[in-house]
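Take a look at the structure below.
Below, chains carry the letters A, B, ... as their sequence lines are ordered, and counting in each starts from 1. Because the structure is predicted, anything quoted here is derived from the model rather than measured.
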Number of protein chains: 2
Amino acid sequence: MNPTIKDVAKHANVSIATVSRIVNGLPGYSEETKKKVQRSIEALGYQPNAIARGLINKRTQTIGVLFPDVSGMLSSEVLEGVENAAHDGGFSVIVCNTTSSGKRTVKYLRLLQEKRVDGIIFASEDVKEEYYKIFQEMKVPVVLVSTASPKYDLPFVRVNDFDGAFQATEYLIRKGHKEIGMIGGSDEDPIAGVPRMQGFQKALESNGLSFTENHITKNEGYRFQNGKESLPSLLKKLPGMTALFAASDEMAIGAMSAAHQLGIKVPEELSIIGYDNLKIAEMCYPPLTTVSQPLKDMGQTSGEMLVSLIKGEQQEAKSRYMPFSIVERQSVSDFHDK
Amino acid sequence: MNPTIKDVAKHANVSIATVSRIVNGLPGYSEETKKKVQRSIEALGYQPNAIARGLINKRTQTIGVLFPDVSGMLSSEVLEGVENAAHDGGFSVIVCNTTSSGKRTVKYLRLLQEKRVDGIIFASEDVKEEYYKIFQEMKVPVVLVSTASPKYDLPFVRVNDFDGAFQATEYLIRKGHKEIGMIGGSDEDPIAGVPRMQGFQKALESNGLSFTENHITKNEGYRFQNGKESLPSLLKKLPGMTALFAASDEMAIGAMSAAHQLGIKVPEELSIIGYDNLKIAEMCYPPLTTVSQPLKDMGQTSGEMLVSLIKGEQQEAKSRYMPFSIVERQSVSDFHDK
DNA sequence: ATGAAAGCGCTAACAC
DNA sequence: GTGTTAGCGCTTTCAT
């Protein structure tokens, strides 16, 4: 067994109360006893038991983070930021991989409830009523990252997707492109799906370009395969297309891959702009021009927000729209030159 | 406050012991009281407190996982497997991002000790004496994944790197290449550095090919940039090179990127084989031929091993070498054709 | 400055 | 079949 506070007390010939005070830096003892106790702690290799502490303090110093896909490149970067902020604030983080399954999400939420985590970060998914009920039951702060909830009043940290998509599209327009297509998400997805498609449409219309159903190929997911499969169909619907906006970097790179196979040169014959700025964006060929979301920062910010909410430094956190920017690499060409 | 077992007992007019029995599925009560208690649990929305449980059982049902770089693509995939196995076994996982810093690692280890985790998974790094001492103090099972320890007797789950490198190199040789270079790691790295370089050297020598210092460019890291910067220097040392083996996929893709910039066609003029089989391997262009490590599986296996060690289903876990394979994509050409 | 003692919410003997 | 009780390791009054 590990030594307990009792053992230390005995070894130092003081009461456990005194040891507790010293360990926790509370006032109420002489310098001398402090020295003595510290020597005992050292000698026995005493480590306070966080479980016992948690039981009494009602604070576990741990938070839970839920991702639809922990191994996704987007999640990993966000996680890094969250973990960093949590650690700096004195918290540990329990990761939960929901695989976008409602059942699993609920299971995890219950688990986190039993484990008495002090707060929750919920990433990249829509907050269902079921989840929200549990949040309320748990009575712990929750912050959303890379998502938001129209229905429930929950603080979020994200990028304005409508604006991001709008600007990505305008960037293409400024480069002289007139026939622009989009590889988009789903109409069912209120987070990354709808707003990005709306931003795209609005940018076209605002610039006097026509927009039709044929300008977008929709997808259930945002993965490489989705992008790869979307290019041919988009090309069929929009034969004159000289540039495209993909709702995610993975999709953009999928489209790039399809283009290579079809013998279409990027960016000479087809310009592509992505969304996310994942690490792969600069690794692919040609390096991908894309809308950069500050993923790690978003994780960090949401982590800090949660920590400060837990510590009670603020009652209501104000949501944060994080700045995005367009990172110019080499997948978009200037159509004016042609 | 959340309702406690006491509240349930009162509400159901039974003792807390009875509630405890029912909640834990132990024998000793009539069907009738069970129904009654379950209704009370339902009515109050009672959730057992895992902290109180942990204090008494000396089991927290959580494990700690340490990664040098959580957001790395390798780590993320391993993490997914670990999390999955842990969850299936009834455990939660606390992630720790050590950033390869000894100080941070020790800090995390101490934290995990205070939190009384039931076991530890240590990934992709060398086990320093300092760490090992803490492992022993903690008296919890530890399993290594994607690494191993020559000095200490710790079970591991990994791929035989020497063999992987050997076969990757022989693959190139079978394709008719005779001037083969390598972008390697560091001599200081006993895990991924040395064995992969030795495997490379051995393959060359076993096949009657000469090996010199000039055949390898060494690196401190295994990242995209390292690979990108290594290609020019390797090319200078080995001008006739027609193929190269990179000690990681990131490096391979970095080399590919450099090749594109230098106007060297892959695989027509230069064949490249990587190591890892990350998700990006099939996303880049041309898709990367590489040595596939079953990353998610390795995580899963190490997680299962740890769980079974914790549950005491086995005393000493036997380490596992996981099978690897060469995934043929399009970055290697047959030199016989030329 | 220091100690005794009452819990935190639960499990596990041990009684009845 | 059910209840009583003694802790698990700690923090925190309240005395002294």
Residue A:Thr18, side-chain heavy atoms: nucleotide from D:dG9, D:dC10, C:dT2 that is nearest: C:dT2
Euclidean distance, atom CG of residue A:Asn49 to atom C1' of D:dT11 [Å, nearest integer]: 13 Å
Between C1' of D:dT11 and CZ of A:Arg59, the distance in whole Å: 15 Å
Can you tell me how far P of C:dG7 sits from CG of B:Leu55, to the nearest Å? 17 Å
In this structure, how many angstroms lie between the C1' atom of D:dC10 and the CD atom of B:Glu114, rounded? 13 Å
CG on B:Leu66 to CD1 on B:Ile94, rounded to 0.5 Å: 10.5 Å
Choose from C:dA12, C:dC10, C:dC8 the nucleotide whose nearest atom is closest to any side-chain atom of B:Pro48. C:dC10
Using whole Å, report how far CG of B:Asn57 lies from P of C:dC10. 12 Å
From C:dC10, C:dG9, D:dG3, nucleotide with atom closest to B:Ile5 side chain: C:dC10
Can you tell which of C:dG9, D:dT11, D:dC10 lies closest to the side chain of B:Ala52? C:dG9
Check B:Glu80, B:Glu77, B:Glu83 against B:Lys296 for a salt bridge (Lys or Arg N to Asp or Glu O under 4.0 Å) and give me the one that passes. B:Glu80
Rounded distance in Å - CD1 (B:Ile16) to P (C:dC14): 17 Å
How close or far is atom P of D:dC10 from atom CG of A:Asp7, stated in whole angstroms? 9 Å
Pair A:Lys103 + A:Glu130, salt bridge at N-O below 4.0 Å: no
Are A:Glu129 and A:Lys133 ion-paired here, with the side-chain N under 4.0 Å from a carboxylate O? yes
How long is the span from the OG1 atom in B:Thr33 to the CD atom in B:Glu31, to the nearest 0.5 Å? 8.0 Å
If you measure from CG on B:Leu111 to NE2 on A:His87, what distance do you get to the nearest 0.5 Å? 6.0 Å
Below 3.5 Å, does any donor atom in the side chain of B:Arg21 face an acceptor in the base of D:dG3, or the other way round? yes
Using a heavy-atom distance cut-off of less than 4.0 Å, which residues of residues 25-35 of chain B contact DNA chain C? none
Which of D:dG9, D:dG3, C:dC10 is nearest the side chain of A:Ile56? It is D:dG9
Select base, sugar-phosphate, or nothing to describe what B:Ile51 touches, counting heavy atoms under 4.0 Å on all strands. nothing
To the nearest Å, give me how far apart CZ (B:Arg53) and P (D:dG9) are. 19 Å
Side-chain donor-acceptor pair under 3.5 Å between A:Glu42 and A:Gln38, yes or no? no
Looking at A:Lys6, I'd like to know whether one of its side-chain N or O atoms comes within less than 4.0 Å of OP1 or OP2 on D:dC8. yes
Nearest-neighbour nucleotide for the A:Ser15 side chain, C:dC10, C:dG3, D:dT12 considered: C:dG3
It should be established whether B:Ser20 places a side-chain nitrogen or oxygen under 4.0 Å from OP1 or OP2 of nucleotide C:dC10. no
Rounded at 0.5 Å granularity, tell me how far CZ in A:Phe67 sits from OG in B:Ser76. 10.5 Å
